[in-house]
Amino acid sequence: MMTFFGFNEQWIRWIMECVTTVSYSFCVEGLSHYINISSMRGVTISRYEPLVSHLVFTNDSILYSKASIVEARKIDTILKNYREANNQWINLHKSSLIFSYNTPRDLRSSITTLLHISKIEIPDKFLRLPSNILKSRTPVFSVIKDRIFKKNMGWKEHLLSKVVEKFLSRQS
């Protein structure tokens with residue numbers, strides 16, 4: 001993958017020496033690259049926000065696009081290019097499609113056939129965050145807000161205990 005991005009061979013050898021004892025993968029960068037250079041449009045979160053085409057995590061990815069045959073063909077091409085470049089197959093049995101409620105049934109069927117992904121579902125959560133956000137966003141985001149607040153309080157307590165510990169060690 002680093003050769004694909006144009007890195008010098010010596011640099012690649014140095015990096016590979018650093019990561020031979022640990023399992024790292026540059027493949028998600030490759031997938032992201034293929035999505036970025038494609039003409040896949042993505043979707044907007046709100047009227048004045050930029051388009052979002054994908055979110056990539058360690059070994060999980062979410063691709064966002066308009067529900068159309070044209071966009072499905074773009075996704076199919078991206079996945080084929082990724083597979084050919086990395087010799088890694090996307091596990092279509094673990095993959096699923098999520099459509100908006102107003103997507104016609106025949107269009108859903110055509111897209112699932114084209115992408116060879118038969119599972120259509122809306123999981124409750126993805127990476128412990130709610131994945132289905134409808135009109136009322138307040139309850140959904142209040143959960144996230146509470147988690148951030150609790151995490152922040154934990155950090156404050158941890159940092160405060162370090163300060164107190166340092167202060168007490170200087171007093172002795």
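Just so you know, residue 1 is the first one in the sequence shown, and it goes up from there.
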Treating Ile, Leu, Val, Met, Phe, Trp and Tyr as nodes and any side-chain heavy-atom pair under 4.5 angstrom as an edge, say whether [X] and [Y] lie in one connected cluster.
X	Y	value
Leu114	Leu63	yes
Val70	Tyr64	no
Val43	Leu51	no
Leu92	Ile35	yes
Ile37	Leu31	yes

Inset, instruction - Show your reasoning for whether side-chain contact (heavy atoms from CB on, under 4.5 Å) applies to Thr77 and Tyr34. - result: CA-CA 9 Å; Thr77 300; Tyr34 284 119; over 6 Å; no
Inset, instruction - Only one of Arg73, Lys74, Lys80 passes side chain to side chain donor-acceptor pair (under 3.5 Å) with Asp76; say which it is. - result: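 Result: among Arg73, Lys74, Lys80, Lys80 is the only option passing the side chain to side chain donor-acceptor pair (under 3.5 Å) with Asp76.
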Inset, instruction - For the residue pair Thr103 and Ser100, confirm or rule out a side-chain donor-acceptor distance under 3.5 Å. - result: yes
Distance in Å, [X] [atom1] paired with [Y] [atom2], rounded so as to fall on 0.5 Å steps:
X	Y	atom1	atom2	result
Ile62	Ser53	CD1	OG	12.0 Å
Ser38	Asn81	OG	CG	9.5 Å
Thr3	Ile12	OG1	CD1	3.5 Å
His54	Ile75	NE2	CD1	12.0 Å
Ser39	Ile78	OG	CD1	8.0 Å

Legend entry - Donor-acceptor contact present, side-chain Lys66 to main-chain Glu71, <3.5 Å: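 Such a contact is absent between Lys66 side chain and Glu71 backbone.
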Legend entry - Residue pair Ile90 / Ser95: nearest heavy atoms and the distance that separates them: CG2-OG, 3.9 Å
Inset, instruction - With side-chain contact (heavy atoms from CB on, under 4.5 Å) as the test, would you mind laying out the steps for Ile111 and Ile117 before giving the verdict? - result: CA-CA 8 Å; Ile111 291 171; Ile117 299 173; over 6 Å; no
Inset, instruction - Classify the ring geometry between Trp14 and Trp11 as parallel (under 30°), tilted (30 to 60°) or perpendicular (over 60°). - result: perpendicular
Inset, instruction - Would you list the pairs meeting salt bridge (Lys or Arg N to Asp or Glu O under 4.0 Å) in which at least one residue belongs to residues 98-111, sequence neighbours left out? - result: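 Not a single pair qualifies under salt bridge (Lys or Arg N to Asp or Glu O under 4.0 Å).
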